[in-house]
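One structure below.
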Amino acid sequence: MSQIKILAVGDSFITQHIPDDEKMTDLRKYFMQHDVRFTNFEVLLHNFEVYPAPISGGTWACARPNVLEDLKKMGINVVAWANNHNIDWNIEGILTTKRHLDANLINAGVGKNLAEASQPRYIDTQQGRLALIGVTSTISEWGMASAQRPDVLGRPGANVLRYKAIHKVLPEELKQLKTIIEQTEINANRRLNEMEGFAKSAENGYFINNICIEADSVPGTITKMNEKDAERIVRMINEAKRQADNVIVSHHTHERKGLNKQLPADFACDFAHLCIDNGVDAYLGHGPHIWRGIEIYNKKPIFYSLGNFIFQNDLVEKQPTEFYDLYDLGAENTVADGLDIRSAKDTRGLAADRRVFESAAVSFSIEDGKISQIELKPLSLGFKNGRARRGRPEFANVVDGTRILEEIAKLSAEYGTQIKIDNNKGIINI
């Protein structure tokens, strides 16, 4: 008989020291009641000795390596780190981060080549052995790990589940669209690449650059996961099942259904179901920096997004010149100047969204492959604290906690999941 107790929280975008105060002590006491304590690690680690990339995942995410000590003090002992910020500081940023993580925490999802990025990582506890597989779908193609060949090195990067978006319009509208587009040179590069064999044409539609449009009697957009990537991940799940008592998949995906950030994209739901169908015990989603609903599928939990655990996005120490260029700033300006413009002095974007600074820690036990109950403990990240102290986690008070849990319950009800709220805790019975 094995019974392993798991604690999971969402994104840790940690860029500065978290004081070891009473709030951290409360978190640590609760976390340490669990064998496995998971978070998604969403920054790169270096001392600014590496070169920045010309693009980023939104912010050039970075922190000094000593932030890992704060995570470990809280009790975190395993992380995934495949996400949209992997390439913010070029390949050397990936390698410096990997060196620091390997020396401190069990980590999954990124490696020196695709085989290493894809492989399960294992945490051995007194109660059993758990495998973690880290995956991202939100990332620049420059951040994707590539496979090693006998004659060419693989590229460092993330374990990526790609997807295809197909936009459907009425047949007569597709004809009109093609006529309009081909009056200009907007799509000339794509058309020439197709003619010369450098790009594939759409079998049942039309590509506008990399956007696929198809004719259909029912307009709309669907997304489908890349079958080759999905097959590779399933192979790793099958490997992990034979090598561990339990398996968890971590999936970073900002992709959504339409404009609603709290609804996962079609392919993410399909992938979560695929994971459970192949023996995964829990799917841990994150990425949009806010909560999404919880689905119980074949008696296993799917957390479509765990929101944020630490979010110090507005406390990054340094940013490259491209950051300043976005806001027409020069060498005399500072990070704070750029952040003020980006957030309109904390009145728009992530800094102004209360949901970004509220989430929950989820706790569950896997006993002989079964999960009977899930507990949710609401978290507050200090939305009203101002930039200097905003983003640090603590357990929410009863008033805020009840509201947070009610919002999670409403999102989860869409999947038929019932959450009982009592004494500032949410309970799901399976």
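Model, not experiment: these values are computed from the prediction.
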Results of ring pair (Phe, Tyr, Trp, His ring centres under 6.0 Å) for Tyr30 - residues two or more places apart only: His34, Phe395
Indicate yes or no: does Asp26 engage Lys29 in a salt bridge with an N to O separation below 4.0 Å. no
Side chain Ser359, main chain Leu379, donor-acceptor under 3.5 Å: no
Worked check of salt bridge (Lys or Arg N to Asp or Glu O under 4.0 Å) between Asp270 and Lys224: CA-CA 8 Å; Asp270 293 340; Lys224 296 182 178 180; over 6 Å; no
Verdict with supporting geometry, Lys73 and Arg28, side chain to side chain contact (heavy atoms under 4.5 Å, CB included): CA-CA 7 Å; Lys73 283 180 183 177; Arg28 179 167 54 240; 4.1 Å; yes
Go through the side-chain N and O atoms of Arg232 and Ser118 and say whether any donor and acceptor fall under 3.5 Å apart. yes
Apply side chain to side chain donor-acceptor pair (under 3.5 Å) to residues Arg155 and Asn113 and explain how you reach the verdict. CA-CA 5 Å; Arg155 182 179 57 254; Asn113 52 50; over 6 Å; no
For the residue pair His289 and His254, is the inter-centroid distance of their aromatic rings smaller than 6.0 Å? yes
Locate the shortest heavy-atom distance separating Pro120 from Met236; write the atom from each residue and the value. CG-O, 3.6 Å
Report the C-alpha distance between Leu161 and Ile233 in whole Å, list the side-chain angles of each, state the deciding distance to 0.1 Å, and finish with yes or no for side chain to side chain contact (heavy atoms under 4.5 Å, CB included). CA-CA 8 Å; Leu161 174 72; Ile233 295 165; 4.1 Å; yes
Charged N to carboxylate O under 4.0 angstrom, Asp346 versus Arg390? yes
Looking at CD of Glu317 and CD of Gln16, how far apart are the two atoms once the value is rounded to the nearest 0.5 Å? 6.5 Å
If you count the non-hydrogen atoms of other residues, nucleotides and ligands that lie under 6.0 Å from CZ in Arg403, is the total more than 12? yes
Mind listing the closest non-hydrogen atom pair of Leu132 and Val79 along with its distance? CD2-O, 3.6 Å
Between Phe309 and Phe31, is the gap from one ring center to the other below 6.0 Å? yes
Do Arg355 and Glu407 sit within salt-bridge range, that is, some charged N less than 4.0 Å from a carboxylate O? no
So, Asn226 and Lys164: side-chain donor and acceptor under 3.5 Å apart, yes or no? no
Gap between atom CZ of Arg354 and atom CD1 of Ile404 - 0.5 Å precision: 7.5 Å
Please name all residues satisfying ring pair (Phe, Tyr, Trp, His ring centres under 6.0 Å) with Tyr163, sequence neighbours left out, ordered by chain then number. Phe267
Look at Asp340 together with Arg387 and state whether they make a salt bridge at an N to O cut-off of under 4.0 Å. yes
State whether a side-chain donor-acceptor pair under 3.5 Å links His273 with Glu295. yes
Show the atom names and distances, to 0.1 Å, of all donor-acceptor pairs under 3.5 Å that link a side chain in residues 408-423 to residues at least two apart or in another chain.
residue	atom	partner	partner atom	Å
Ser412	OG	Ile294	N	3.0
Ser412	OG	Ile408	O	2.8
Thr417	OG1	Ile294	O	2.7

Closest non-hydrogen atom pair, Trp60 against Ala53: NE1-O, 2.9 Å
Give a yes-or-no answer on whether the side chains of Asn238 and Asn278 include a donor-acceptor pair shorter than 3.5 Å. no
Would Glu239 and Arg242 pass as an ion pair if we require N to O under 4.0 Å? yes
Residues in ring pair (Phe, Tyr, Trp, His ring centres under 6.0 Å) with His85, at least two apart? Phe13
Testing Gln127, Gln3, Lys5 one by one against Glu367 for a side chain to side chain contact (heavy atoms under 4.5 Å, CB included), which residue passes? Gln3
Under 4.0 Å between a Lys/Arg side-chain N and an Asp/Glu carboxylate O for Arg99 and Glu92? yes
Supply the atom-to-atom distance Ile211 CD1 to Ile166 CD1, rounded to the nearest 0.5 angstrom. 13.5 Å
Residue set satisfying ring pair (Phe, Tyr, Trp, His ring centres under 6.0 Å) with Phe357, at least two apart, ordered chain then number -> Phe311, Phe383
The single option from Glu255, His251, His252 that satisfies side chain to side chain donor-acceptor pair (under 3.5 Å) with Ser137 is His251
For Pro65 versus His46, what's the shortest heavy-atom pair and its separation? CD-O, 3.7 Å
A quick test of your reading: do over 12 heavy atoms of other residues, nucleotides or ligands sit less than 6.0 Å from NZ of Lys23? no
Test Asn209 against Asn189 for side chain to side chain donor-acceptor pair (under 3.5 Å), laying out the working first. CA-CA 7 Å; Asn209 294 316; Asn189 286 342; over 6 Å; no
Check step by step if side chain to side chain contact (heavy atoms under 4.5 Å, CB included) holds for Ile91 and Leu95. CA-CA 6 Å; Ile91 286 178; Leu95 297 178; 4.1 Å; yes
Around Tyr51, counting heavy atoms of other residues, nucleotides and ligands shown, do more than 12 lie under 6.0 Å from its OH? no
Hey, could you give me each pair passing salt bridge (charged side-chain N to carboxylate O under 4.0 Å, His left out) that has a residue in residues 104-129? Not counting sequence neighbours. Lys98-Glu116, Asp124-Arg129
Inspect the surroundings of CZ in Arg64 and state if more than 12 heavy atoms from other residues, nucleotides or ligands are less than 6.0 Å away. yes
Approximate separation, where rounding is to 0.5 Å, of Glu194 CD and Asn187 CG: 7.5 Å
Is any side-chain heavy atom of Asp325 closer than 4.5 Å to a side-chain heavy atom of Thr321? yes
Going through the checks in order, is the side chain to side chain contact (heavy atoms under 4.5 Å, CB included) test met by Asn333 and Tyr327? CA-CA 10 Å; Asn333 292 105; Tyr327 310 111; over 6 Å; no
Say you draw a straight line from CG of Asp266 to OG1 of Thr223; how long is it, rounded to the nearest 0.5 Å? 4.0 Å
Can you see whether Arg392 engages Asn385 through a side-chain donor-acceptor pair at a distance of less than 3.5 angstrom? no
Within 6.0 angstrom of Lys299 NZ, more than 12 heavy atoms from elsewhere: no
Starting at OG1 of Thr136, measure out to NE2 of His286 and round the result to the nearest 0.5 Å. 8.5 Å
Enclosure of Glu49 CD (heavy-atom neighbours >12, cutoff 6.0 Å): yes
Donor-acceptor side-chain pairing of Ser56 and Asp88 below 3.5 angstrom: no
Write down the atom of Val43, the atom of Cys62, and the distance for their closest heavy-atom approach. CB-N, 4.2 Å
How close do Gly93 and Leu44 get, counting heavy atoms only, and between which atoms? O-CD2, 4.1 Å
Under 3.5 Å, is there a donor on one side chain and an acceptor on the other for Thr221 and His167? yes
What I'd like to find out is whether the side chain of Val249 reaches to under 4.5 Å of the side chain of Ile237, using heavy atoms alone. yes
